[in-house]
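Beneath this line is the structure, given in structure tokens, with notes to follow.
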Amino acid sequence: MEPRLIANRQEFSWKGFVLQWEWLLVVLILAVFVMNASLSEFFLDYDNLRDATMGFLDKAFIVLPMVFIILMGDIDISVASIVALSSVVMADLYSKGLPMAWAMVVCLAVGTVCGWINGMLIVRFKELSSVIVTLATMIIYRGIAYIILEDQAAGKFPKWFKFLGWEYVGSIPFILIAFAVFALGFGLLLHKTGFGRKLYAIGNNATASRFSGVEVDRIKVIAFTLAGLMSAVTALFLTSRMGSSRPNIATGYELEVIAMVVLGGVSTAGGKGRMIGAILAVFLIGYLRYGLGLVNISAQSLLIVLGLLLIFAVAVPQLKWKRRRTG
Amino acid sequence: MAETEYVLELKGITKIFPGVKALDDVYFKLRPGEIHALMGENGAGKSTFIKVITGVHRPDEGEMFLNGRKVDFRHPTDAQKAGIAAIYQHVTCYPDLSVTENIYMGHEKIASGTKRVLWKEMHEEAGRLLRELGASFSPKTQMGALSVAEQQIVEIAKALSVDAKIIIMDEPTAALTRSESEELYRIAERLRDQGKSIIFISHRFEDMYRLAGVVTVFRDSRYIGTWNVDEISNHDLIIAMVGREISQLFPKKEAQIGEEVLRTEGLGRTGYFADVAFSLRRGEILGLTGLVGAGRTEVCQAIFGIDRPDKGKIFVKGREVRIRSPREAMGLGIGYLPEDRQKQGLVLQWAIGRNITLSTLEKITAKGALQPRKELDIAKRLAEKVGVKAKSVFDLVSSLSGGNQQKVVFAKLLTADLDVLILDEPTKGVDVGAKSAIYDIIGDLACAGYGVILVSSEMPEIIGLCDRVAVMREGRITAMLNRDELTQEAILAASMDDAEQSRDQRRVRA
Amino acid sequence: MSAKIAKFRELGLLAFILLLSAGVQLRNPSFLTWENINDMITNTAILSILAVGMMLVIITRGIDLSIGATLALSGMMAALTVSRYPGLHPLAAIGIGIGIGLVCGMILGFLVARVNILPIIATLGMMNVFRGLTYETSGGKWVSAHQMPTGFKDIATGSLLGINNLIAIAIVTYAAAYYFVGHTRTGRRIYAIGSNPDSAAISGIRTGKILWLVYTIMGGLSGLAGVLWVSKFASAQGDTASGYELSVIAACVLGGVSIAGGVGKISGIVLGSILLGILNNALPMINVSAFWQMFIQGGIILIAVLVNALVKRGIDRNNLMRRSI
Amino acid sequence: ACGKSNSDSSPSASQGASASVSPSASSGGDESASPSADAGGAKKKFAIIFKNTGNPYGEKMMDGYKKAIEELGGEAILKAPDQPTAEAQIQMIEELISQKVDSIAIAANDPDALQPALEKAMNAGIKVLSLDSAVNAASRLVHVNQADPERIGRTLIQGVSEMIGGEGEIAILSATSQATNQNTWIEWMKKELEDPKYAKIKLVKVAYGDDLRDKSVSETEALLKSYPNLKGIIAPTTVGIAAAGKVLTDKGLKGKVQLTGLGLPSEMAEYIESGVCQWMYLWNPIDVGYLAGQTADSLVKGTITGKVGDKFTAGTLGEKEVVQDGDGTQIMLGDPFKFDASNIGEWKSVY
Ligand SMILES: Nc1ncnc2c1ncn2[C@@H]1O[C@H](COP(=O)(O)OP(=O)(O)OP(=O)(O)O)[C@@H](O)[C@H]1O
Ligand SMILES: Nc1ncnc2c1ncn2[C@@H]1O[C@H](COP(=O)(O)OP(=O)(O)OP(=O)(O)O)[C@@H](O)[C@H]1O
Ligand SMILES: [Mg+2]
Ligand SMILES: [Mg+2]
């Protein structure tokens, strides 16, 4: 049979370039900047813009692995509890005399183990969805945090620990640098490695991935473990920002994180979306909140704005798609 | 006028799917009280045509007349109301619901006043329909608990439950045993005698000769012609369907048979298969056939590490191995082309290139990073090798025709260093041209020293391509036929039991 | 075969509940008294009413995270209305609550069925909106017991034929739902959509309409629950029932409703709600430390779902063994 | 109509009968009466952060704060997050630092967790004080204390002892196990119980209703069943005491089980009028906010620095003095006010 020639170079398409989801986010961020700048004289101020990132980046570390998990069509609602548990363990051990550096290592280890347990339960019990498993572990992990610290707060960390959440390297907040490094790492992992490719494959078609030799279970466990680890990283920064720890910290973070991932264009139906989108969403929500905070908008109005933004952002591509299908 | 003569008439129907013209200017006429066979190779467009009639798909061009009146079905319910019922090829069941509900979903019996669902009546009626069809399971059974054959019977009952003027059956016998088929013939004839019209699709010639008065043939999405069954010879019919002499289809290439690469001994998985023993050598094509549901796929997937067998041994190149995952199987040199290419073989939303390299990402990874250049080169080379018709490796797989999709799955297999290829129904739903191309590829692979296991339900394919054939029935190998023993009769005899009747009952009870 | 599994599941859950009750009874003899059982069921009534709606939503492969907010909004609106017009008939207050809930549900249904937004996102977004509106309408105030007419408070404390109204309403809801999912065409089609959406489309079922209906029902029930909640506790707050959706989902899951869709029985969610009700009631009574309560609760939920999964596996395996191969 | 009520019936312990603390004042418009600022425009900005939004107690406190600030010609910024978390309050503090406010008054969701954020604010020259629930001494210049925790704890025990006739089992229904205010009060209650005169009173359990209605109800019911001889319940939290009142009402236990604690008059009016709860205590949140506003202004003006012994005139509340409080300093509003059937009718519509 005569071989047919198949191109392996892609022509650059302006349409494809322009129609990327991320542009919508960029436009929205610009809009937020313009709006905020016109609302408050304090918004366009280098120090303020910089310090604002310190306020909203703590949970952004969880956004990175959550992108992986949602890409695969799963979800992890236990992350906030993992933050609480690993933070509480760290604070408790430190207050019992463990050197701070070791306490931080234990914090990361606790988060990793919690994530790993989630992952193992999910792949070992395929008949249970990740919603149920992480719903149960969400209660359990926070429950353990309560058992450990009871009604106490633990803290009085060494001075240098404050560095994580409050200090600058040069004039750039350390947390921003740390986030940039992690974001780059997770972005490369997702877009440049076989691991990332497999995540997409699983999200699009887990069965076909398995039949193609992709170690679906292993990858799921890794993704959930990463979510645990990054929750512990969040715990480090959040604990540093609060200067102490309690079992009830990070309440409600899971939904905020999921909202950011979804707003970033990552589809919970699995298999679609990019890291950059989620990162943009972090900044979009962060600066929107911050800007509205500068004009002291009420908490309830802020809730409504954020809810509508989420709906609007996911509805737009649906409408576009529908029109294309019918027209 | 023709209005009185035909209950159903379709003219110039064209249906285009993204990338595929599934129907191209097709004609069809159906008389009352007629059993009309619709034949054609896989992918000829038969099922699509049926879905046009039942309002699932809307044609891009063409007209449809019911009793001489022009109709335009926008929704399956429109067709139902017009008295058309269909048994679809791929079972469309609700696994979580009862048999009764599966039969009546969409046209439940309800009390006229209270709108209450009349369970008792439906169960009784369903029970009656099932008894008529010779099934002995209760209508209250959950659908998901039934075997494929039993589910097919439910589908038939579903079509019968609507008091339809026109009944369409898309390969209803594919999963049935001979006695079950007999039952179906009887019912079809009775319906015909009541003045109903039946459109009947089947790949089995015996079905057509036993039942149909008229046969229409499609080929490559086109209408070829309509004949009275007793007026056309078998030979001419095959030429009409295939477009050439069938011997051309299977150019058996003689490969060098080498050492043994795969052997199983007493392989078994509780509830699925037992005592499966065979060996495979380099260059050999081993056929694995039997009726649908005989357990062939289960055996293949057990060897490939999808499910774990709980008894027996597997030897690869003489060494006993335990295979726990597809990845391990591939590491040992075993590749599997799955039965359902859309669900198991491909990531449909992805481009050709990515699909091809999915199973061997390690090969295109250097220092942890994927090498896009290398990836695209490999994809291009393999796509060209198996002859995918596409513009570039960036074309989405979902835009390809079934045959081309299947070729992409083949290309995936070729990326890895394999010795054994297990091909599960590689020509299912593939058009004629692609089919012969696939046969070519299979022949080439054998020549290149792969050991090939070819699972197929198509008799000519098995007979034309294989060196040896294992026939399975109800989870066991019932015959191992050498090339010189290969006849249709021998295979059929091994796939169906003489004491079919008693076994049917046993299986249904299980 | 699987029908048997379902039955077995429920028996297993029932056995678990009985064991748990026996254990609690040993530690606190006042657990299985008529009064306590009555209290327990009354306290579980609202949860179980919501579980009915949630079951329908989950059967269609969806989820509704907004019910806590819908409940708060409709409860608040009903309370504000009765405090402004104390002469209003209690049934009218219930009507207002249900009406507001229905509107919320219809909005969600529209987003899910028409705009095609995934349920988890649509309900997450609207959860924020409804919660924000609750604060907005109340202006940060609570509606307290003394602002509510006695008739309104009697909705929850009064009784019907000797049965507390809450229990009676829950029983009526269950009976209606039982009839609806078991004996009406639409009810059965909800299962069909969850079991196999593609087949449902081929069978001529209007998927969009039914999805819309399901979310509307969920909204209506949340609205009803809102009025009952406010009446029971004689107080309406902006943060009423925040996070309650998770308890409701847990009740459904414990009751055997499958997140994969298509599966769920009224009897199952009754048991699921009762198990949660017992946990809420029993843990304070057996004198476990407040700090252990959460852990025990989560642990029991996890054990219950894991045991369920294992039991199901065992049964599947048994069935395979019985096949004649 | 009840605007004529004078200081005797006012929950404010301060002697000056003031418009700001009388019931009628707060039901009137809250913005109109403010004397205009110095026309130049550079109004000083005073911010208050309450625990969470949608809490009438907090709304009243913020009203009082705003009242004071506007009287003094400043600009009041009222903030509260939607969830009562320290994390959200940290973000709000950041937002206020960016806005270069002059003072932040905060009712803290966590005494320690705000320390780094508040230190940053103080370093930026912002005068920080806490009110209602304190932050630790290092995070504030001064704390505005609604009432002495020792007095609250002891008074509640004295109250319940009087109600049950100095004999029998009692239980405490608190908010969350984390709530620092509640925990301090409970400590003092236990200390008071050590007095031999309470020998016949036995504290059987401290239960936590988490400030959730449903949980508080379950916990109350469990108390009643587990301790059939229970004579009294102390609930030092607004949601808890109302939930307990509801349970006692529904179960017809009026007179059999006594209830007291700290509650909002509006929430408790029903149960005080019916006699389920003979009396309970609270301070006037409007006054707490008002005093905080006055204190903030004095801190900004430099009248006081937050050191022990500083004195200033807190508007209609009169002269106030900074006193020692553990490591830090505080300003006391006064004793908690007792609400009973005689005065509840007047207060239930106020807060
Ligand atoms: N929904 C669809 N989208 C895209 N292509 C489709 C779709 N359905 C069918 N096709 C394509 O249309 C062609 C005709 O398919 P059809 O199922 O009608 O064939 P068939 O004659 O019934 O074959 P078989 O004998 O295997 O059942 C095939 O190439 C198939 O891949
Ligand atoms: N009711 C039943 N009783 C016994 N065995 C059953 C029953 N239902 C299904 N099975 C088994 O389930 C398996 C399903 O068949 P499988 O798909 O593996 O067979 P197959 O031969 O590959 O069919 P196909 O040709 O469709 O690929 C078979 O092994 C069959 O024995
Ligand atoms: Mg077909
Ligand atoms: Mg098969």
Side-chain angles (χ1 to χ4, degrees), chain A residues 1-13 15-16 71-73 123-124 126-127 184-221 267 269-273 321 324-326, chain B residues 301 304-306 325-331 335-338 340-355 357-362 364-365 368-370 372-373 375-381 383-395 412 416 436-437 440-441:
Chain A
M1 128 188 61
E2 95 277 22
R4 241 173 280 269
L5 287 182
I6 296 177
N8 61 355
R9 301 280 186 281
Q10 196 169 25
E11 284 168 39
F12 180 78
S13 140
K15 203 175 149 215
L71 262 182
M72 292 191 300
V123 302
R124 283 288 146 80
K126 296 221 167 55
E127 50 274 75
L184 190 70
F186 274 82
L188 290 177
L189 194 57
L190 180 60
H191 296 297
K192 297 289 174 204
T193 67
F195 175 79
R197 181 68 67 79
K198 288 172 185 172
L199 286 171
Y200 280 104
I202 294 171
N204 274 300
N205 187 340
T207 314
S209 306
R210 195 153 111 83
F211 276 82
S212 306
V214 171
E215 330 82 304
V216 178
D217 287 358
R218 202 165 75 94
I219 293 194
K220 281 201 173 178
V221 173
S267 160
K272 275 202 294 285
W321 180 75
R324 198 186 304 151
R325 203 176 49 160
T326 50
Chain B
Q301 296 192 348
F304 189 57
I306 298 281
S325 72
R327 198 177 175 75
E328 285 184 17
M330 290 169 74
Y336 176 64
L337 181 133
D340 183 339
R341 65 168 175 269
Q342 304 221 334
K343 286 210 187 90
Q344 301 168 334
L346 294 168
V347 179
L348 285 175
Q349 302 88 328
W350 274 13
I352 298 171
R354 288 196 163 195
N355 268 290
T357 54
L358 179 60
S359 37
T360 43
L361 288 171
E362 286 71 25
I364 52 166
T365 306
L370 293 176
R373 270 274 55 82
E375 171 174 17
L376 295 177
D377 289 342
I378 290 180
K380 175 187 163 75
R381 187 167 54 76
E384 283 172 356
K385 187 167 172 190
V386 296
V388 179
K389 276 188 231 168
K391 279 213 297 293
S392 88
V393 293
F394 295 103
D395 288 4
K412 268 175 77 173
S436 84
D440 249 354
I441 297 171

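Worth saying up front: this structure is predicted, and the values here are computed from it rather than measured.
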Inter-residue atom distance T207(A).OG1 - I306(B).CD1, 0.5 Å rounding
9.0 Å
Under 4.5 Å from any heavy atom of chain A, what part of D340(B) do you find: side chain, backbone, both or neither?
neither
Beyond-backbone contact of L358(B) with V214(A), side-chain heavy atoms, under 4.5 angstrom:
yes
Counting only heavy atoms closer than 4.5 Å, note whether T357(B) contacts chain A via side chain, backbone, both or neither.
side chain
Side chain to side chain donor-acceptor pair (under 3.5 Å) filter on E215(A), not counting sequence neighbours, yields K198(A), R218(A)
Turns out that what part of K412(B) lies under 4.5 Å from chain A's heavy atoms comes down to side chain
So which part of A369(B) gets closer than 4.5 Å to some heavy atom of chain A, the side chain, the backbone, both or neither?
both
Between atom OG1 of T365(B) and atom CZ of R197(A), what is the distance when rounded to the nearest 0.5 Å?
9.0 Å
Identify the two heavy atoms, one from L346(B) and one from N205(A), that lie closest to each other, and give their separation to 0.1 Å.
O-ND2, 3.0 Å
Relative to chain A, which segment of R354(B) carries a heavy atom at a distance below 4.5 Å: side chain, backbone, both, or neither?
both
By a 4.5 Å heavy-atom criterion (distance strictly below it), what part of L370(B) contacts chain A: side chain, backbone, both, or neither?
both
Residues that Y336(B) engages under ring-ring contact (aromatic ring centres under 6.0 Å, His included), provided they are two or more places apart:
F211(A), F304(B)
Using non-hydrogen atoms and a 4.5 Å limit, figure out which bit of Q301(B) sits close to chain A: side chain, backbone, both or neither.
side chain
